[in-house]
> 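Below is a structure I'd like to ask you about.
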Amino acid sequence: MTRTNIISLAFFMGAFGFLCAQEKEPTNPEATEAYEPIPPKVVPGKNGAPPSDALVLFDGTDLDAWISAVDSTEAKWHLNNDGSMTVRDKSGDIQTKRNFGSVQLHLEWRSPKEVNGQGQSRANSGVFLQKRYEVQVLDNNDNDTYVNGQVGSIYKQSVPLAMASVPSGEWNTYDIIFHTPQFSRGGNLTKPATMTVLHNGLLIQDHFELEGPTEYIGWPTYQAHGKGPIVLQDHRDNSRVSYRNIWVRELD
Ligand code: MG
């Protein structure tokens, strides 16, 4: 046997031994117990209140965390005396002052009890992650529209798994888990954005991989970007949608 062959044989025997060791079945319970990393302690909120580690974006006091998405001046939506805010028609979208990457977002929304308009023009608003990716807000009670644009859809990309709205005039909850898309240094997409949505506690979007920004017209196409604001939509047709109790936990 040549020296090269001996070295090769030793290498393969070593590799074989390593693989066998990897696959060896643990023989006691301790072998499969992990003690780190230790998760941080977080106090959950009671009755919908934010958990202890959340960043509160709206608690009914003021609109200080928000600006106009049109001209970056102060947000001009109606601040109500019941802890909510309502879209001021044709004043434009509002957005957070802060930019966010991946987040867990909680918010509550309500369409007016007195219905107005139909299809996409009945209490249309929306929650945009990173100013690009919309979860639709719409009063779909006895009001059909295209299903990839109905309440809880990821607009024109993903039909919700259920229509989980409460009656018009009552408060809905959205809990959204959003993972930001990732791009190479050259700007190519390496990992699409994903969205999971619970509507009134029901799973309606299950880790959906977005195809790009949620476009009104045309097919979605990713353009490389960094963090971005959370945007609430003024659909400019007297939607009168209200929001309350908005908080976020950053995941990156
Ligand atoms: Mg909308």
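Numbering of residues begins at 1 and proceeds along the displayed sequence.
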> Same cluster or not: are L63 and F128 linked, directly or through other Ile, Leu, Val, Met, Phe, Trp or Tyr residues, by side-chain heavy atoms under 4.5 angstrom apart?
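L63 and F128: separate clusters.
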> Would you say that S125 contacts W109 through its side chain, given a criterion of any heavy-atom pair below 4.5 Å between the two side chains?
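No, every pair of side-chain atoms sits at 4.5 Å or beyond.
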> Could you check whether any side-chain heavy atom of Q157 comes within less than 4.5 Å of a side-chain heavy atom of T214, counting everything from C-beta outward?
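They are in contact (side-chain heavy atoms under 4.5 Å apart), so the answer is yes.
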> Can N141 and S168 be counted as having a side-chain donor-acceptor contact under 3.5 angstrom?
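Checked: N141/S168 side chains pair up, N/O donor to acceptor below 3.5 Å.
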> With sequence neighbours left out, write down each residue that passes side chain to side chain contact (heavy atoms under 4.5 Å, CB included) with N148, or none if nothing qualifies.
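For N148 the side chain to side chain contact (heavy atoms under 4.5 Å, CB included) partners, ignoring immediate neighbours, are Y146, K156, V159.
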> Can you tell if the side chain of I230 reaches within under 4.5 Å of the side chain of F100, non-hydrogen atoms only?
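Contact flag for I230/F100 side chains = yes.
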> May I ask you to check whether over 12 heavy atoms, not counting those of D252, lie within 6.0 Å of atom CG?
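Enclosed: over 12 neighbouring heavy atoms sit under 6.0 Å from CG of D252.
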> With the side chain counted from C-beta on, respond yes when R240 and D89 share a heavy-atom pair under 4.5 Å apart, and no when they do not.
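Of all side-chain heavy-atom pairs linking D89 with R240, none is under 4.5 Å.
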> Within a radius of less than 6.0 Å around CD of E74, do more than 12 heavy atoms belonging to other residues, nucleotides or ligands occur?
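Open.
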> Measure from the side-chain N and O atoms of R249 to the backbone N and O of A54, and report whether any donor-acceptor pair falls under 3.5 Å.
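Looks like no, no N/O pair under 3.5 Å.
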> Can any side-chain N or O of Q205 pair as donor or acceptor with the backbone N or O of S158 at less than 3.5 Å?
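Answer holds: yes.
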> Between R88 and K76 (side chain of the first, backbone of the second, donor and acceptor by atom type, cut-off under 3.5 Å), is there such a pair?
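Such a contact is found between R88 side chain and K76 backbone.
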> Any link between L105 and I67 through a network of hydrophobic side chains (Ile, Leu, Val, Met, Phe, Trp, Tyr) touching at under 4.5 Å?
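Shared cluster, no.
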> So which pairs with a foot in residues 58-71 pass side chain to side chain donor-acceptor pair (under 3.5 Å), sequence neighbours left out?
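Residue pairs passing side chain to side chain donor-acceptor pair (under 3.5 Å), neighbours aside: D59-T61, S68-D71, D71-T73.
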> Would you mind reporting whether R98 and E250 have side-chain heavy atoms less than 4.5 Å apart?
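The answer is yes; the side chains approach within 4.5 Å.
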> Taking side chain as C-beta onward, heavy atoms only, is I94 less than 4.5 Å from M85?
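SC-SC contact between I94 and M85 confirmed.
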> Parallel, tilted or perpendicular: which describes the rings of H106 and W247, with under 30° parallel and over 60° perpendicular?
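Judged by the thresholds at 30° and 60°, the geometry between H106 and W247 is parallel.
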> Got a second to check how far H199's NE2 is from I204's CD1, nearest 0.5 Å?
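One finds 6.0 Å between NE2 of H199 and CD1 of I204.
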> Side chains of S153 and Q136: is there a donor and an acceptor less than 3.5 Å apart?
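Checked: S153/Q136 side chains show no N/O donor-acceptor pair below 3.5 Å.
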> For residues N245 and P50, determine if any side-chain heavy atom of one lies less than 4.5 Å from a side-chain heavy atom of the other.
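The answer is yes, as the side chains (C-beta and beyond) meet within the 4.5 Å cut-off.
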> Between S165 and N172, what is the shortest heavy-atom contact and its length?
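Looking at all heavy atoms of both residues, the shortest contact is CA-OD1, 3.5 Å.
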> Side chain of E134, backbone of V231: donor and acceptor closer than 3.5 Å?
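Absent.
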> Using 0.5 Å steps for rounding, measure from the CG atom of N200 to the CH2 atom of W171.
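Nearest 0.5 Å value for the CG-CH2 distance: 12.0 Å.
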> Taking all non-hydrogen atoms of both residues, which atom of P160 and which atom of V151 are closest, and how far apart?
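Taking P160 first and V151 second, the nearest heavy atoms are CG-O, 3.4 Å.
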> Supply the atom-to-atom distance T173 OG1 to R244 CZ, rounded to the nearest 0.5 angstrom.
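Rounded to the nearest 0.5 Å, the OG1-CZ separation comes to 10.0 Å.
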> State which residues pass side chain to side chain contact (heavy atoms under 4.5 Å, CB included) with E30; sequence neighbours excluded, sorted by chain then number.
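N28, E33.
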> NE2 of H207: more than 12 outside heavy atoms within 6.0 angstrom?
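No, NE2 of H207 has 12 or fewer neighbouring heavy atoms, counting only those of other groups under 6.0 Å.
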> Do Y155 and F178 sit in the same hydrophobic cluster, where Ile, Leu, Val, Met, Phe, Trp and Tyr count as joined when their side-chain heavy atoms come under 4.5 Å apart?
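No: no chain of side-chain contacts under 4.5 Å links Y155 to F178.
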> Does NZ belonging to K97 count more than 12 external heavy atoms closer than 6.0 Å?
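Above 12, so yes.
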> Within the side chain of D82, is there an N or O that forms a donor-acceptor pair under 3.5 Å with the backbone of S84?
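Present.
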> Quick check: closest heavy atoms across G226 and Q130, and the distance to 0.1 Å?
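That closest heavy-atom pairing would be O-NE2, 3.8 Å.
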> Return yes when atom NZ of K90 has more than 12 non-hydrogen atoms of other residues, nucleotides or ligands closer than 6.0 Å, and no otherwise.
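Buried by this count: over 12 neighbours within 6.0 Å.
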> Using side chain to side chain contact (heavy atoms under 4.5 Å, CB included) as the criterion, list what pairs up with S184, not counting sequence neighbours.
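Expected list: N188, T190.
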> Would you say the side chain of V42 lies within less than 4.5 Å of the side chain of S52, judging by non-hydrogen atoms?
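Of all side-chain heavy-atom pairs linking V42 with S52, at least one is under 4.5 Å.
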> Atom CG in D53, atom NZ in K41: separation rounded to 0.5 Å?
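Separation between the atoms: 14.0 Å.
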> Indicate, with yes or no, if L189 and L129 share a hydrophobic cluster defined by side-chain heavy-atom contacts under 4.5 Å among Ile, Leu, Val, Met, Phe, Trp and Tyr.
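They do share one cluster, since a chain of ILVMFWY contacts under 4.5 Å joins L129 to L189.
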> Going by the angle between their ring planes, with limits at 30° and 60°, are Y222 and Y133 parallel, tilted or perpendicular?
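The arrangement is tilted - the two ring planes meet at 30° to 60°.
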> Go through the structure and list residues passing side chain to side chain contact (heavy atoms under 4.5 Å, CB included) with N81, not counting sequence neighbours.
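Here no residue qualifies.
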> Test question: given the 4.5 Å side-chain rule for I, L, V, M, F, W and Y, name all other residues clustered with I177, or answer none.
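For the cluster that includes I177, the remaining residues are L251.
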> Might you point out which heavy atoms bring H225 and P181 nearest each other, and give the distance in Å?
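For H225 versus P181, the nearest heavy atoms are NE2-CG, 3.5 Å.
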> Roughly how far, to the nearest 0.5 Å, is OG1 of T196 from CZ of F208?
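Result: 11.0 Å between the selected atoms.
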> Between G92 and D234, what is the shortest heavy-atom contact and its length?
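Heavy atoms only, the tightest pair is N-OD2, 2.8 Å.
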> Applying the 4.5 Å side-chain criterion to the ILVMFWY set and letting contacts propagate, would L55 and L107 be lumped into a single cluster?
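Shared cluster, yes.
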> Backbone N or O of T180 within a donor-acceptor pair of the S102 side chain at under 3.5 Å?
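Flag set: sc S102 to bb T180 pair under 3.5 Å.
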> Taking atom CG of D139 and atom CZ of R122, what is their separation to the nearest 0.5 Å?
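Between atom CG of D139 and atom CZ of R122 there are 5.5 Å.
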> Could you pull out the closest heavy-atom pair between G60 and L79, with the gap in Å?
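For G60 and L79, the tightest heavy-atom pair comes out as O-CD1, 3.7 Å.
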